[in-house]
Amino acid sequence: MAQQDTQSQRASPGCDSVGRESLGSLDSPTSPPSPAQQSSTSDSAEPSSLANEEHALLQPIALGSASVEPNTPVMTVGDVVPRNLSMLPGYGQESFQLLSHYLATTADCMANGSTPVNPFLVQIVPLAFTSDLLLQLVLTQSAAHRAFRGRNETDQVAQTHYTKALQLFRRGVSEFIDGKESNPLMLTVGALVMCFTETAKGDMNGTIFDHLSAANTLLTRLLSLSDAAVPKELKDFVIEYYTYTAASNVHDHC
């Protein structure tokens, strides 16, 4: 995945959402949007608010610990990511279609055949079934990718999922900052998923770099956790995922 040249992904008609990155720089501030960009009201307002909360991740915080109700059956990643065991609770047919699109198309485009086993399937999908936040982000990425492939810039399904994903992600960032959640795994992966979603949406405001900055801070804290909390194989995948995402965007900007 990380070794694959990003130019080869641009050449793939179905995978432009991965290869096409936004204009911006990790080392320079985001340029002000043009009058045309300012016309997109809800889309631009949501990421701007989220950027402030992601910036707060750079400040020292008091870490708490997640609690689990006693005698409740749970699925866990390591010992720290609890969630009641069920399959897409509260999600309808539309969500199943988006998950199917992710499994059949989006994940394949992201990996681009660079590894024998697709990590976006064997790592991301099982993880998503342990977290409402990450599951929503995966569905949002799939919706944005599907809309891009269909050249539908006003896809209502994609926009609805994007708005919901931003709300959940903002809440997750706030809970982490407040010390209500001590494990940064879901937010780290979530920030990286949001980077690819912004790419598929054609981000022109540099929002992707806000997500990258947050992912960088969260990744540092993730790596400080023991292998019992987060398996080493999963840590290695997140490191490679971050490196690939950051390098792809810097390469396109240069």
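Taking every heavy atom of both residues into account, Leu137 and Gly190 meet most closely at CD1-CA, 3.3 Å. For the pair Glu181 and Phe176, the tightest heavy-atom approach, listed with the atom from each and the gap, is O-CD1, 3.1 Å. Counting all heavy atoms, side chain and backbone alike, Ala158 lies closest to Ala147 at CB-CB, 4.1 Å. Across every non-hydrogen atom of Leu134 and Met186, the tightest pair is CD2-SD, 3.9 Å. The two residues Leu139 and Ser95 have their closest heavy-atom pair at CD2-O, 3.5 Å. Of all the heavy atoms in Lys235 and Leu222, the pair that sits closest is CE-O, 3.8 Å.
Here the rule is side chain to side chain contact (heavy atoms under 4.5 Å, CB included) with Thr140, and of Gln159, His161, His145 only His161 fits it.
Considering NZ of Lys201 and CG of Asp155, their distance stands at 9.5 Å, rounded to 0.5 Å. Cys109 SG to Phe148 CZ: the interatomic distance, rounded to the nearest 0.5 Å, is 9.5 Å. If you take OH on Tyr242 and OG1 on Thr220, they are separated by 8.0 Å, rounding to the nearest 0.5 Å. Rounded to the nearest 0.5 Å, atoms OG1 (Thr207) and CD (Glu198) are 5.0 Å apart. Rounded to the nearest 0.5 angstrom, Asn183 CG and Arg221 CZ are separated by 12.5 Å. Phe120 CZ to Asp108 CG: the interatomic distance, rounded to the nearest 0.5 Å, is 11.0 Å.
Between Val230 and Val238, every side-chain heavy-atom pair lies at or beyond the 4.5 Å cut-off. The side-chain heavy atoms of Leu223 and Ile239, taken from C-beta on, include a pair separated by under 4.5 Å. Proximity of Ser182 to Leu225: side-chain heavy atoms (C-beta onward) are nowhere separated by under 4.5 Å. Between Thr106 and Met110, some side-chain heavy-atom pair lies under the 4.5 Å cut-off. Side-chain atoms of Val138 and Leu98, non-hydrogen and from C-beta on, never get closer than 4.5 Å to each other.
In the hydrophobic clustering of ILVMFWY residues, with side-chain heavy atoms under 4.5 Å counting as a link, Val122 and Leu234 come out apart.
With hydrogens and angles left out, the side-chain atoms of Thr163 and Gln167 include no donor and acceptor closer than 3.5 Å.
The backbone N or O of His101 lies less than 3.5 Å from no partner atom in the side chain of Ser142, so there is not a single donor-acceptor pair. Listed for the Thr245 side chain is a donor-acceptor partner under 3.5 Å among the backbone atoms of Tyr241.
The aromatic rings of His211 and Phe169 lie perpendicular to each other, with more than 60° between the two planes, well past the 30° mark.
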